[in-house]
Asker: 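Input: one structure, supplied below.
In what follows, chains carry the letters A, B, and so on, assigned in the order in which the sequence lines appear, proteins first and then strands, with residues in each chain numbered from 1.
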Amino acid sequence: MRSMSAAINFKSHLSELFAQALREVAPDQPDTSILIERPKQVAHGDYSCNLAMQLAKPLRKAPRDIANALIAALPKSAVVEKVEIAGAGFINVFITTVAKQQVVHGVLQAGAGYGHVHAGGGRKVGVEFVSANPTGPLHVGHGRGAAVGDCLCNVLHAAGWNVTREFYYNDAGAQIDNLTLSVQLRCKGVTPDDPSWPESGYRGDYITEVARGYIAKETVIADDQQVKACGDVNDAEAIRHFAVAYLRREQDLDLRAFQVEFDVFSLESALYTDGKVEETVKKLIASGHTYEQDNALWLRTTDFGDDKDRVMRKSDGGYTYFVPDVAYHLDKWRRGFVRVINEQGSDHHSTITRVRAGLQALNEGIPKGWPDYVLHQMVTVLKNGEEVKISKRAGSYVTLRDLIDEVGCDATRYFLAARHPDSQLVFDIDLAKSQSNDNPVYYIQYAHARVSTVLLQWGGDSAVLQHADVGVLDNEYETQLLQRMIDFPQVVEMAAEELAPHLIAFYLKELAADFHSYYNAVRILVDDEKLKLARLALIAAVAQVLKNGLALLGVSAPEKM
RNA sequence: GCGCCCGUAGCUCAGCUGGAUAGAGUACUUGGCUACGAACCAAGGGGUCAGGAGUUCGAAUCUCUUCGGGCGCACCA
């Protein structure tokens, strides 16, 4: 199977051939990068190489002459049909249909494993995402983080990385104090419209429910902890404990409804109780990068590229949030993550320099650009044509669960993950609801369901399709589908490399489009038995790739809709 | 004011780390179900890639700059 899929990787195969030709034609230019790309137009072949144009300057020769020399020096390959020179000096390579047809067997044999590559080499990568503080239900922004982060994890796993999904939350500090106070006031019957309600208090209705649960002495289970409310309105510590557990449980339910699961939950409070914060502070002081000023302890983060120094210990004796943050990342490093990716909203981007600076100051041999970050831009929510401002404190809110209930899990996930994280996203709830049939996710799922129906009508044993003679698959629709499936592993590899899960969504849309065109133009269940089996094998392979790709997005692949 | 991200068809968005005539979806105009699902397909019009300058065989992509939008700039997280 491995040798099969390696043989189907025409891109790397051609890359090797051109590398050999390069050594012969231009031995003095060994560092020239060999780029093999897929031309947009079929007339330009299946793959093209711009090596000749790159060499034109150093060799001081015409690109077309170099191209001729390269082609002459190109080792023979059974999969290459012909090689042409075009345009300014492109070398266009055409692959034999026979070689492309092998992808059908490759897909059917590999099954759910088709699209997996070993770029990651089994190395450990930790991906932290969502990481919402337990001060309210998850909103659309968290949803984007969840969709992008989870999809990224799936993609990295498929690319051969050993992935750990991690959720970090702050269960101490000022925001939690606000939460505790808000719940306590609600317990005492004070409402947000009361003049005594604090400015920084949380006003959402969910606070009332937490208070009700506390008074009713409910028991909640969250993160393997069981917390029973004592009901004492004056016991702030008990309220805090209960409120955090209650909201964590709510978030867990949101995440479950969104089909997202985490391997590890990390608590900020644990970093204190385990002594990791103290240890980090000591190490930073020992490093010589700290100083006392205005009754506070500062870290000279400007030594590491920050634009100003940062306070570590406030004059009231407490640490700023960034100290446990550094301690947390030191802990990640020690847990053996050669790579860590933090998926966050771009409103937190200022922490990047700070955390990296803190880690550099520790002098623990942590690489300079560690950890990596994927920042998604803000989500704007439109409802009734108007923007809904998301504010926990004001209580105006579009929760992730509302969205899932109204739009559906599959469509919500697709919508939030199918765009480049860098671009701002407008989530029009009415549009997503009323025109849900126009959502591309249904287009892709429909292709999958159509294949299922055809296979059902055929009624044969799909195991025999693995041995179908695919040599008859040679019309333009079929070769297009073959090539598209051949591309899939490289799309996965690219998505993992670029940390760009949206590439999967766009690939699937194209594969589905190729299939729908084929389906409309060519009949699958023809009388010719050999041709029928070949076509069935082809569409079964297409369905498998669709399913694998949808799985990366965390979207279902229904057999009927 | 400083830093990061963005600006591509009326609208929503791609554009494979510099390649060939800039692409999808949607909307609009047409055509296609007496053969496997019409949640589909086929065809058509629609562009100063925000503006300008530079780098080179070649720029939506890289650099500089102007304009416009978002987000940061705490002894909050």
Side-chain angles (χ1 to χ4, degrees), chain A residues 35 37-41 43-44 48 50 53-54 56-57 62-63 86-90 92 131 133 135 169-170 173-178 200 268 293-298 307-308 310-322 324-325 345-353 375-378 380 415 418-426 428 431 435-440 442-443 445-447 449-458 487 490-491 494-495 497-498 500 502-503 505-507 509-510 512-513 515-526 532 535-536 539 560-561:
Chain A
L35 183 67
E37 46 186 7
R38 297 260 298 107
K40 288 170 200 152
Q41 294 179 51
H44 293 154
S48 83
N50 65 356
M53 286 180 286
Q54 286 186 68
K57 195 167 193 182
F90 290 100
N92 294 334
S131 293
N133 286 337
T135 53
Y169 68 90
N170 172 316
Q175 297 307 324
I176 298 298
D177 292 342
N178 285 336
S200 58
E268 186 188 20
Q293 187 184 306
D294 302 332
N295 218 14
L297 179 66
W298 296 69
D307 53 2
K308 58 200 274 193
R310 305 292 166 176
V311 169
M312 291 170 58
R313 191 173 54 228
K314 299 180 280 183
S315 51
D316 69 3
Y319 293 112
T320 56
Y321 71 94
F322 119 88
D325 234 14
S346 65
D347 54 338
H348 288 91
H349 81 259
S350 62
T351 63
I352 297 176
T353 320
L375 302 178
H376 63 259
Q377 294 291 316
M378 300 288 93
T380 309
F415 204 79
R419 281 163 175 73
H420 192 110
D422 274 346
S423 65
Q424 285 165 232
L425 167 50
V426 178
D428 187 329
L431 193 76
Q435 303 191 347
S436 60
N437 284 356
D438 292 332
N439 193 308
Y442 295 108
Y443 182 80
Q445 289 179 320
Y446 185 50
R450 270 182 150 177
V451 175
S452 301
T453 305
V454 178
L455 289 173
L456 207 64
Q457 293 212 359
W458 167 57
D487 290 340
Q490 281 133 53
V491 172
M494 174 74 70
E497 207 174 291
E498 303 282 320
H502 72 284
L503 295 176
F506 281 89
Y507 169 83
K509 224 159 70 176
E510 285 169 348
F515 170 77
H516 286 307
S517 294
Y518 179 51
Y519 183 88
N520 271 277
V522 176
R523 183 164 170 78
I524 312 292
L525 298 174
V526 291
K532 179 171 75 182
R535 287 180 175 168
L536 284 166
I539 65 165
K560 56 179 163 186
M561 305 171 60

Asker: Between A:D316 (side chain) and A:G318 (backbone), is there a donor-acceptor pair under 3.5 Å?
Answerer: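 Side chain of A:D316 to backbone of A:G318, a donor-acceptor pair under 3.5 Å: yes, one is there.
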
Asker: In whole Å, what is the span from the CD atom of A:Q175 to the P atom of B:A77?
Answerer: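 So the two atoms are 8 Å apart, to the nearest Å.
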
Asker: Looking for any heavy atom pair under 4.0 Å, which part of the strands does A:V451 touch: base, sugar-phosphate only, or nothing?
Answerer: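 The residue A:V451 makes no contact with any strand.
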
Asker: Return the 5'-most residue of the pair A:K509, A:S517 with respect to RNA chain B, ranking by each residue's nearest nucleotide.
Answerer: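 By nearest-heavy-atom nucleotide position, the 5'-most residue is A:K509.
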
Asker: Distance check, P atoms only: B:A74 and B:A9, in whole angstrom units.
Answerer: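 These two P atoms come out 37 Å apart once rounded.
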
Asker: Could you state the NE2-P distance from A:H376 to B:G72, rounded to the nearest angstrom?
Answerer: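 One finds 12 Å between P of B:G72 and NE2 of A:H376, rounded.
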
Asker: Using the P atom on both, measure B:U56 against B:U63 and round to a whole Å.
Answerer: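 Here B:U56 and B:U63 have their P atoms 16 Å from each other.
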
Asker: Quick one: does A:N133's side chain have a donor or acceptor within less than 3.5 Å of a partner on A:N170's backbone?
Answerer: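 A pair under 3.5 Å: yes.
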
Asker: Please state the C1' separation for the pair B:C36 and B:U12 - nearest whole angstrom.
Answerer: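 Here B:C36 and B:U12 have their C1' atoms 33 Å from each other.
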
Asker: How does each nucleotide of nucleotides 10-22 of chain B score, in 5' to 3' order, for protein heavy atoms under 4.0 Å: base (B), sugar-phosphate only (S), or none (-)?
Answerer: --SSSSBB-BB--

Asker: Which part of the nucleic acid does A:T453 contact within heavy-atom distance under 4.0 Å: base, sugar-phosphate only, or nothing?
Answerer: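 It contacts base atoms.
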
Asker: Between B:G47 and B:C4, how far apart are the P atoms? Round to whole Å, please.
Answerer: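 About 35 Å, rounded to a whole number of Å.
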
Asker: Under 3.5 Å, side chain of A:W458 to main-chain N/O of A:L536, donor-acceptor pair present?
Answerer: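 Not a single qualifying donor-acceptor pair exists.
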
Asker: What pairs with A:V522 under side chain to side chain contact (heavy atoms under 4.5 Å, CB included), at least two apart in sequence or on another chain?
Answerer: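 Counting only residues at least two positions away or on another chain, A:V522 forms a side chain to side chain contact (heavy atoms under 4.5 Å, CB included) with A:N475, A:Y477, A:Y518, A:R535.
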
Asker: Restricting to side-chain hydrogen bond (donor to acceptor under 3.5 Å, both in side chains), what partner residues turn up for A:R419, sequence neighbours left out?
Answerer: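 Partners of A:R419 by the side-chain hydrogen bond (donor to acceptor under 3.5 Å, both in side chains) criterion come out as none, since no residue qualifies.
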
Asker: For the C1' atoms, the ones on B:G70 and on B:U29, what distance do you get once it is rounded to whole angstrom?
Answerer: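 My reading of the C1' atoms in B:G70 and B:U29 gives 37 Å.
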
Asker: Would you mind telling me which of B:A42, B:C75, B:C40 lies closest to the side-chain atoms of A:T320?
Answerer: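 Among the listed nucleotides, the one closest to the side chain of A:T320 is B:C75.
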
Asker: Within the distance-only criterion (no hydrogens, no angle test), does the side chain of A:T320 pair as donor or acceptor with the backbone N or O of A:V311 below 3.5 angstrom?
Answerer: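 Yes, because the side chain of A:T320 sits within donor-acceptor range (under 3.5 Å) of the backbone of A:V311.
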
Asker: Using OP1 and OP2 only, check whether a side-chain N or O of A:K314 sits under 4.0 Å from B:C76.
Answerer: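 A:K314 to B:C76 OP1/OP2: side-chain N or O found under 4.0 Å.
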
Asker: Do any side-chain nitrogens or oxygens of A:S350 fall under 4.0 Å of OP1 or OP2 in B:C71?
Answerer: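 No, A:S350 has no side-chain N/O under 4.0 Å of OP1/OP2 on B:C71.
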
Asker: Taking B:U61 as the reference, what is the distance to B:A22 when you measure between their C1' atoms (whole Å, please)?
Answerer: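 Pairwise C1' distance, B:A22 against B:U61, rounds to 11 Å.
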
Asker: Is the closest side-chain heavy-atom distance between A:L525 and A:R523 below 4.5 Å?
Answerer: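 With C-beta onward as the side chain, the pair touches.
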
Asker: From A:H348 NE2 over to A:S131 OG, what is the distance, rounded to the nearest 0.5 angstrom?
Answerer: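 Going from NE2 on A:H348 over to OG on A:S131, the span is 9.5 Å.
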
Asker: B:C71 and B:U55: how far apart are their P atoms, nearest whole angstrom?
Answerer: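 Roughly 37 Å separates the two P atoms.
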
Asker: Between A:I539 and A:F515, does a side chain to side chain contact (heavy atoms under 4.5 Å, CB included) hold up when you go through it step by step?
Answerer: CA-CA 8 Å; A:I539 65 165; A:F515 170 77; 3.8 Å; yes

Asker: Figure out the CZ/P separation between A:R535 and B:A35, and round it to whole Å.
Answerer: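 In whole Å, B:A35 P and A:R535 CZ are 17 Å from each other.
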
Asker: Between B:A77, B:C41, B:G72, which one does the side chain of A:H349 approach most closely?
Answerer: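 The answer is B:G72.
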
Asker: Base, sugar-phosphate or nothing for A:D428? Non-hydrogen atoms, less than 4.0 Å.
Answerer: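 Nothing: the residue A:D428, judged by heavy atoms under 4.0 Å, touches no strand.
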
Asker: Which one is paired to B:U26, where only Watson-Crick or G-U wobble pairs with both distances under 3.5 angstrom count?
Answerer: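 B:U26 is paired, partner B:G10.
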
Asker: Is there a Watson-Crick or G-U wobble partner for B:A39 with both distances under 3.5 Å, and which nucleotide is it?
Answerer: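 Pair assignment: B:A39 / none.
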
Asker: Ignoring the backbone of A:H516, work out which of B:C36, B:A42, B:C40 is nearest its side chain.
Answerer: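 Among the listed nucleotides, the one closest to the side chain of A:H516 is B:C40.
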
Asker: Identify whether any heavy atom of A:A447 sits under 4.0 Å from a base atom; if not, whether one sits that close to sugar-phosphate; answer base, sugar-phosphate or nothing.
Answerer: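 The answer is nothing, as A:A447 stays clear of every strand by at least 4.0 Å.
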
Asker: Nearest to the side chain of A:N520, heavy atoms from C-beta on, is which of B:A39, B:G32, B:C6?
Answerer: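 Among B:A39, B:G32, B:C6, the one nearest the side chain of A:N520 is B:G32.
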
Asker: Starting at CZ of A:R523 and ending at C1' of B:G32, how long is that distance when rounded to a whole Å?
Answerer: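 Atom CZ in A:R523 sits about 17 Å away from atom C1' in B:G32.
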
Asker: Has the side chain of A:H44 got a donor or acceptor atom that lies under 3.5 Å from a matching backbone atom of A:A86?
Answerer: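 A pair under 3.5 Å: no.
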
Asker: Name the residue closer to the 5' end of RNA chain B, choosing between A:A174 and A:Y446 according to the nucleotide with the nearest heavy atom.
Answerer: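 The 5'-side residue here is A:Y446.
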
Asker: Quick one: which of B:G72, B:G37, B:C36 gets closest to the side chain of A:D347?
Answerer: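 From the listed options, B:G72 comes nearest.
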
Asker: Which part of the nucleic acid does A:K560 contact within heavy-atom distance under 4.0 Å: base, sugar-phosphate only, or nothing?
Answerer: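 The residue A:K560 makes base contact.
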
Asker: Expressed in angstrom and rounded to an integer, what is the separation of A:I524 atom CD1 from B:C40 atom C1'?
Answerer: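 One finds 14 Å between C1' of B:C40 and CD1 of A:I524, rounded.
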
Asker: Classify A:A56 by what it touches in the nucleic acid, base, sugar-phosphate, or nothing, heavy-atom distance under 4.0 Å.
Answerer: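 Answer is nothing: A:A56 stays at 4.0 Å or more from every strand.
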
Asker: Does B:U63 have a Watson-Crick or wobble partner in any strand here, with both distances under 3.5 angstrom, and which is it?
Answerer: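 Looking at the geometry, B:U63 pairs with B:A53.
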
Asker: Would you kindly give the OH-to-P distance between A:Y321 and B:G72, to the nearest whole Å?
Answerer: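 So the two atoms are 12 Å apart, to the nearest Å.
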
Asker: What nucleotide among B:G72, B:A38, B:G70 has an atom nearest to a side-chain atom of A:Y519?
Answerer: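 From the listed options, B:A38 comes nearest.
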
Asker: What integer number of Å spans the P atoms of B:G45 and B:A53?
Answerer: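 Looking at atom P only, B:G45 and B:A53 are 31 Å apart.
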
Asker: Between A:L456 (CG) and B:G37 (P), how many Å, whole number?
Answerer: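 Roughly 9 Å, once rounded to whole Å.
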
Asker: Can you tell me if A:R450 touches the phosphate of B:A38, counting only side-chain N or O atoms and a distance under 4.0 Å to OP1 or OP2?
Answerer: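 True: A:R450 side-chain N/O within range (under 4.0 Å) of B:A38 OP1/OP2.
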
Asker: Check the distance between B:G72's C1' and A:F322's CZ and give it to me in whole angstrom.
Answerer: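 Distance check: A:F322 CZ to B:G72 C1' gives 17 Å.
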
Asker: Return the pairing partner of B:G3 with a 3.5 Å limit on both distances, Watson-Crick or G-U wobble; otherwise return none.
Answerer: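 Answer to the pairing question: B:C71, which forms a Watson-Crick or G-U pair with B:G3.
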
